[in-house]
Structures are given as structure tokens and as C-alpha cells.
Amino acid sequence: MNNIKCFSLIFFFLVSCSSSDQQLIEGNKLITPQYEFSAEFFECNLNEGYTLLNLESFISSLTRSKSSIDENIYDVGVFFPNSDFENKFMINLKNYSNNNIYELFLNEISTRGFDQIASCNFEQNNYKGLSLISSIVENDKLSHSVEILRCVYNNGYNFGSFRVAIDRFNITMKTLDIPYEALYLVKNNDEGEFTWINNFYVDNYSDLISSEWISIQEAEDIKQEFSENAKCVDAKSYDVFYIL
């Protein structure tokens, strides 16, 4: 199953609105996101002579302070693409505080010898994000599957209008026994584009989505509702491992 198809399975949960909802939609366009964290994504390549085994060994040796875990200050995830590019990966730093975690994290991994293993573009890309949907049954946060979609709003639509579909999507997801989380991010305060991240916490998520939802008649209406609000220009899938 290719990335776009995986995306369609989960994103087409969005429930269509009737014409009687139009006034409500117009009012909701004034709603703006209440962001919960900042985030950075760093594209990396393994240095010559090093392999994923070296990287995995390095990751397993890293530990965060107990206080940062207890206070939920930040998360660090290492994203491995589901592709043939075995020398490429991505680091995601998600900061829930006002502390300068960016410099603290870079200094820590550099001191521990990360620069010998890999080279990264550590330029800050200044994402802001929030958790839109969370139906996580059990999640140890050690590893899971991720889909990252880059999307743009259609003319006349924004987060406020899209929120109607998101809320209905959330209600639908609560009826399904699928451990799942959806994150919404914007870069450099550009509200015309957004990144949607699907976090799946079970291995057979595509089978579950297909059996629980995609075969129902409502799927086509859901697809139409999403298409009215936005379009996604690309999608990438990863396996992610968190540093705890």
C-alpha cells in the first residue's frame, strides 16, 4: 500500500456537512489553533563507514533526565523512512515548555559523539503544533508507525472551517478500537499550509481501518468534505523510535 493510499484510509474519516451547516461553518472560520508545543524536524544522513546499527546503538545509549520525563518538557523521536534510503533518517524534537530545549539537545548529542555517526541540517524550521485527536488505548511511546502529510488549504478555507470536520472525525475515531493520534502543525506561522501527522500504535492499522470504516458508504462523502477544505501534496511514512 503506497503512502497516499494509507493517507486516504485515515483522512477520509472526515464527515461531510449539509448545506444547513453553512452558517456555522462561516462562524467557525474565525477560530484559530491553540498551539500546545513547538517542533523541529532535522534531516540527517549517516556518515561514511557508519550503519543503522551504529545509530541504533547510539540512540539506545541516550537517556533523558527524570525531571524532563516527569514534567513532560520535551520528546525526541528518530524517524526512519519506509523506503530504500537506508542512510537517511530524521530527528523530531517536540518542546512543550518555554525552555531552550533546542540548544540543550544539540549540545547533549554532540558531546556524546553523534557528529561522528551522522550529519544533519540543524537549521530551525519553527513549527507550532497541537494534538487534534487522541484515541490511544495503550502506548508506551517506544515505537510506532507515522504518516506525515504536507497540505494546503483551498481558497476561502482555514483551520476554523476545517475544525468542523476534525471534530466530527474525532467523534468517529472514538467509536473505533484503533490506537491513534493526529497532530496538526504549521511552519513559520504560515496558516495557509499545514502538516498533518498520523500516529498509529498498532502494526495492522491499515487492515483495521479498512475493516472498520473504508468499506462503508459514508467514505465517499467523507472524501468530499476533506477535498472542500484542503488538499495534501505529498505523504511520507516512517517508523519512529522515541528516546526516553
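By convention here, the first residue in the shown sequence is residue 1.
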| V152 side chain near F194 side chain, heavy-atom distance below 4.5 Å | no

| Is there side-chain contact between L55 and Y50, with at least one heavy-atom pair below 4.5 Å? | no

| query | With side chains defined as the heavy atoms from C-beta onward, is the minimum distance between N82 and D239 less than 4.5 Å? | reply | yes

| task | Would you indicate whether the side-chain heavy atoms of V186 and E191 approach each other to under 4.5 Å? | result | yes

| remark: Separation between CZ (R150) and CG (L185), nearest 0.5 Å, reads 14.0 Å

| said: For Y238 together with F80, are the ring centres under 6.0 Å from each other? | reply: no

| query | How long is the gap from CD1 on I117 to SG on C44, to the nearest 0.5 Å? | reply | 11.5 Å

| query | Just checking, is any N or O donor in the side chain of Y201 or E181 under 3.5 Å from an acceptor N or O on the other one? | reply | yes

| Quick one: are V76 and N92 in side-chain contact, heavy atoms under 4.5 Å? | no

| field | Beyond-backbone contact of F79 with E43, side-chain heavy atoms, under 4.5 angstrom | value | no

| Does a side-chain heavy-atom distance below 4.5 Å link L130 with Q34? | no

| Taking the six-membered ring for Trp, is the centroid-to-centroid distance between F159 and Y184 below 6.0 Å? | yes

| Between the side chains of S227 and N229, does any donor sit under 3.5 Å from an acceptor? | no

| request: Using a 4.5 Å cut-off on heavy atoms from C-beta on, say whether the side chain of N198 contacts that of V146. | output: no

| query | Does the ring center of Y242 lie less than 6.0 Å from the ring center of H144? | reply | yes

| said: Between Y127 and F41, does the ring-ring contact (aromatic ring centres under 6.0 Å, His included) criterion hold? Intermediate values first, please. | reply: CA-CA 9 Å; Y127 282 92; F41 292 90; 5.2 Å; yes

